[in-house]
Amino acid sequence: MWRSCAPSWAPPPVPVPVAFTLGARDVRAAGLAHCRRPPLPTGPVPVGSAAAPALHYPLGGGTDPAAWTALKALTEHLRTGGG
């Protein structure tokens with residue numbers, strides 16, 4: 001015998017992303033100025049050397065499912081770069 005239950009929210013089966021780091025080679029390919037202006041509430045944190053910076057983008061604390069939307073917007077933004 002099957003029973004039904006009321007719908008309820010369940011957390012995603014995988015962890016929510018908390019950050020995204022773009023390596024120096026990809027920063028150079030997409031263009032540093034473009035990569036520094038993400039569609040996020042906060043800008044990236046530079047890591048590595050000033051001559052070949054990588055950029056670290058914080059997305060959240062690991063509990064907000066909206067981080068997936070932010071990650072998608074960020075990756076689409078970075079793909080539109082081009083040096």
Side-chain angles (χ1 to χ4, degrees):
M1 178 168 156
W2 293 94
R3 295 184 184 178
S4 62
C5 60
S8 62
W9 182 84
V14 293
V16 174
V18 296
F20 179 83
T21 302
L22 190 65
R25 183 184 68 208
D26 293 320
V27 168
R28 189 171 43 255
L32 180 59
H34 180 75
C35 293
R36 283 186 172 160
R37 294 185 311 270
L40 302 174
T42 60
V45 177
V47 294
S49 72
L55 297 173
H56 181 78
Y57 302 87
L59 299 173
T63 58
D64 186 0
W68 286 110
T69 304
L71 178 61
K72 182 178 180 194
L74 174 61
T75 56
E76 287 175 1
H77 170 78
L78 294 172
R79 283 189 192 117
T80 64

Quiz prompt | Sole candidate of V18, T69, L40, V16 that passes side-chain contact (heavy atoms from CB on, under 4.5 Å) when paired with L59 | solution = L40
Quiz item: Distance from F20 atom CZ to T75 atom OG1, nearest 0.5 Å?
Solution: 7.0 Å
Quiz item: Can you tell me how far OG1 of T80 sits from NE2 of H34, rounded to the nearest 0.5 angstrom?
Solution: 3.5 Å
Self-check item: salt bridge (Lys or Arg N to Asp or Glu O under 4.0 Å) partners of residues 63-75, not counting sequence neighbours, each pair once
Solution: K72-E76
Quiz prompt | Closest approach of A51 to P53 (non-hydrogen atoms, all atoms of both residues) | solution = C-CD, 3.7 Å
Self-check item: side-chain hydrogen bond (donor to acceptor under 3.5 Å, both in side chains): pairs with one or both residues in residues 37-52, sequence neighbours excluded
Solution: none
Quiz item: Do you know the tightest heavy-atom contact between G43 and P38?
Solution: CA-CG, 4.3 Å
Quiz item: Do H56 and P44 have side-chain heavy atoms sitting under 4.5 Å apart?
Solution: no
Practice problem: Mind checking the CG-CG spacing from L32 to L22? Nearest 0.5 Å is all I need. | Solution: 10.0 Å
Quiz item: Does Y57 reach the side chain of C35, with side-chain heavy atoms less than 4.5 Å apart?
Solution: yes
